[in-house]
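A, B, ... follow the sequence lines: proteins, then strands. Residue 1 opens every chain.
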Number of protein chains: 2
Amino acid sequence: MASGPLRISKRDLRRVEKSVDEVMGLGKEIRTLFSRYNDEEYDVGWEVDSAVDAFSVLSSRWTTEILATLYIAGDRRFNEMRGLLRGISSRTLSDKLTTCVENGLVERIVEDGPPVRVKYSLTVHGRRAGALLSPFVGYMKIYNGKIDGPA
Amino acid sequence: MASGPLRISKRDLRRVEKSVDEVMGLGKEIRTLFSRYNDEEYDVGWEVDSAVDAFSVLSSRWTTEILATLYIAGDRRFNEMRGLLRGISSRTLSDKLTTCVENGLVERIVEDGPPVRVKYSLTVHGRRAGALLSPFVGYMKIYNGKIDGPA
DNA sequence: AAGGTATCTAGTGTATAAAATGCATCTACG
DNA sequence: CGTAGATGCATTTTATACACTAGATACCTT
């Protein structure tokens, strides 16, 4: 298995940049689309409130990480996730999975045995959220030097 | 100023859905693009680590909210932000702004007076991060019922 | 073959450490 | 006195470490 920074070709970097540009353009488009619905002026307070609401699901530790793990790695069982999310305690993982289930991002699936196994899977909503966040992760990989640009 | 849920037409809802689908496809594309660089197999652990790193900046309370505020509302001063981020204490805002500055997302600009004023502004990196997160916010607006679907 | 030990599963219980919040206060300026 | 931009400190909330449970299988010894 490869590990650490990877080399990326000029051609592929351009592809990534293009993708990032598209998403950025899209964000702008969505923003203007929504703001158009305000008859009078752009209601900054309301927009900020919406954003705060949107992020409230994510903005406690480990929630994004759990989402990313299931998005990248697919359905996983409890201890598999614990292995992937290095440093998380089983107590915390248990609690956070519960809140993710309550928020409709994750589904808890019991496969009856013996042995009984439990797997966690993203709901449709969770997959959408993961997909929408993944360009951000892609950009941060470059910003954090996880991926080398071309020489 | 309009406030509360807004009405959105069928046509515009379809536009948003199409945008979301496109971005979702894009996320998948970026993902496979990056994974292609692993010679052997898809290194799930490394991918998850990268995602954890990417989110580590965001996954403490208020960081995303500060980012969104500056992205949506433009440059703001301390007490303006406090007004927009309802419920944040000045203690917490102060601390969080400091970490945002340390993470390179936000710039602290002192305008010398008198009276001396301090404004906070997104760096280029912060604007990029905000842009990449805004489609997520747009989607969550719909999911959270901030925008009504067509009748 | 019986009994003991070990392991793997998906978690809980509990004490402690770290983070966020409320509220009071400070400084510099007009 | 009021405003802007904070800071100090006590309390509450959240996260962590670490030990432990329960049901099942598997291996090891006498």
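Put simply, the side chain of A:Ser90 and the base of C:dT12 share a donor and an acceptor less than 3.5 Å apart. Judged by atom type and distance alone, A:Thr92 does not reach the base of D:dT14 through any side-chain donor-acceptor pair under 3.5 Å.
Look at A:Arg108 and you'll find a side-chain N or O under 4.0 angstrom from OP1 or OP2 of C:dG11. Phosphate proximity of D:dG5 to B:Ser94: absent, as no side-chain N or O sits under 4.0 Å from OP1 or OP2. For B:Lys96 and C:dA20, the shortest distance from a side-chain N or O to OP1 or OP2 is below 4.0 Å.
Rounded to an integer number of Å, the gap from CH2 of B:Trp62 to P of D:dT14 is 13 Å. Rounded to whole Å, atom C1' of D:dA4 lies 8 Å from atom CZ of B:Arg77. We find that CG of B:Leu97 is positioned 16 Å from P of D:dA4, with the value rounded to whole Å. Rounded to whole angstrom, the span from the CE atom of B:Met81 across to the C1' atom of D:dG5 amounts to 13 Å. Look at CG on B:Leu93: it is 13 Å from C1' on C:dA20, rounded to the nearest Å. As rounded to whole Å, 9 Å separates atom C1' of C:dT21 from atom CZ of B:Arg61. A straight line from CD of B:Glu111 to C1' of D:dA4 spans 12 Å, rounded to a whole angstrom. Distance B:Asn79 CG to D:dA4 P: 6 Å, rounded to the nearest Å.
Counting any heavy atom pair closer than 4.0 Å across all strands shown, B:Lys119 reaches no nucleic acid atom. Within the nucleic acid shown, B:Arg82 has no heavy atom closer than 4.0 Å to any nucleic acid atom.
Note that the CG atom of B:Leu70 and the CG atom of B:Leu122 stand 4.5 Å from one another [nearest 0.5 Å]. Expressed to the nearest 0.5 Å, how far CD1 of B:Ile88 lies from CZ of B:Arg91 amounts to 11.5 Å.
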Next item on the list: Determine, stepwise, if the pair A:Leu133 / A:Tyr71 fulfils side chain to side chain contact (heavy atoms under 4.5 Å, CB included).
Entry: CA-CA 10 Å; A:Leu133 292 170; A:Tyr71 185 73; over 6 Å; no
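Side chains of A:Thr63 and A:Lys96 form a contact here, defined as non-hydrogen atoms less than 4.5 Å apart.
In terms of position on DNA chain C, the residue among B:Arg91 and A:Tyr120 whose nearest nucleotide sits closer to the 5' end is A:Tyr120.
Checked against C:dT21, C:dG11, D:dA15, the side chain of A:Phe78 finds its nearest nucleotide in C:dG11.
Residues satisfying the side chain to side chain donor-acceptor pair (under 3.5 Å) test with B:Arg108, not counting sequence neighbours, are B:Tyr120.
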